[in-house]
Amino acid sequence: MASLKIVLYLGVYLSFRITAMAENNVPKAENVHWTSLDFKTTLTWTNKPYKYRYSVRYTWDERDWHDCPDCTLISATECDLTACLNASDRTYMADIQTESLDNNLDTDDLPHTFSPTFNLYKESNISTVKFTVKRKDDSRVTVNITDTLTGIHQNGKQLTIRDVLKKDLEYKIIYYKSGSTGKRDMTSHLSVVDVPNLDAGLSYCFMVAAYISSRPPASQHGTWSQQQCTKEESHVHDLKIGTWVGVVFSLAAVIVIIVTVVVLCCRTQNKTIQTSQSSQPI
Ligand SMILES: *[C@@H]1O[C@H](CO)[C@@H](O)[C@H](O)[C@H]1NC(C)=O
Ligand SMILES: *[C@@H]1O[C@H](CO)[C@@H](O)[C@H](O)[C@H]1NC(C)=O
């Protein structure tokens, strides 16, 4: 009898344990973090939602919470919030709610996880910018930068980083004589920049990055571009070739003169010897 009781108790205990374990298996979003490049913003987390779904809500004042339609009842562990968030200077927080597909289940107890706060205007990374370089005159090179497109669409138009950052956008330009280590830099609010005070005829190399001085230091600089160099001016090249041709001609001329002088000298000497011999009395 006693042993039957023990088995019964054990059974009841085990079934409670199993229920508890099942509850613990409800997948709670973990390791939540934001990634954002050129204002395309994604929230990612871990824990696959087997039999469950996730819904993301967000707030910027911690009072009103908003749904993001593309991020509701999803089975993925990441969601693109670009279309829901506003790229103005505000601090967002998201909440990832685990949701059950089973309507009979009490959904109040399901877990949720808050994201870290995120200000995409200040923290979105800016990728490398495309640009061209061209000699303007003897002392200036024009750097023509293309404002990168962002992930944000507004009224059917894809916005550029200049549309979003407006007066806060600057470009930083580093430049140096090709082959030299001395670097100079300048910043400009413009996309077409004339770099002044350069030496005529020499090749210069340029690197460009977006620069947002109003941001915290960690996110001020966009990624630096690959360098682009101007060509050495062609008339300088011609001049150099001319110099070499000159040197070769001068050398040839010197050799011709030496040979001529030597030949003439020998002839004169021979004549002198012959003359002196013939003038001897027989
Ligand atoms: C920006 O880029 C840095 C370096 O790659 C990375 O560590 C950081 O997480 C990125 N930030 C965002 C918001 O994507
Ligand atoms: C800069 O480049 C763009 C195309 O990338 C071109 O339309 C524009 O005319 C260029 N501006 C100057 C001043 O060269």
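Both ligands and their constituent atoms are indexed starting at 1 by order of listing. Counting from 1, the numbers follow the sequence of the chain as shown. Scope of the values below: all heavy atoms of this structure, side chains included, with no hydrogens, waters or symmetry mates. Being a predicted model, the structure only gives us computed values, none of them experimental.
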Hey, can you tell me if Trp45 and Tyr54 have their rings parallel, tilted or perpendicular (30° and 60° cut-offs)? perpendicular
Pairs of nitrogen or oxygen atoms closer than 3.5 Å, one from Ser36 and one from ligand 1: do any exist? yes
Give the atom numbers and elements of ligand 1 that come within less than 4.0 Å of a heavy atom of Glu123. 13 (C)
Would you mind listing the cluster partners of Met93? Hydrophobic ones only (ILVMFWY), side-chain contacts under 4.5 Å, chaining allowed. Trp65, Phe114
Can you confirm whether Leu43 sits close enough to Tyr58 that some side-chain heavy atom of one is under 4.5 Å from a side-chain heavy atom of the other? no
Atoms of ligand 1 close to Phe118 [distance to a heavy atom under 4.0 angstrom, numbered from 1]: 13 (C)
What orientation do Tyr204 and Tyr175 show, parallel under 30°, tilted 30 to 60°, or perpendicular over 60°? tilted
Going by atom types only, do Tyr92 and Asn86 share a side-chain donor-acceptor pair under 3.5 Å? no
With a 4.0 angstrom cut-off on heavy atoms, strictly below it, pick out the residues next to ligand 2 and order them by chain and number. Asn144, Val192
Basic-acidic side-chain contact under 4.0 Å: Asp163, Lys157: yes
Would you call Asp67 and Arg57 a salt bridge, using N to O less than 4.0 angstrom? no
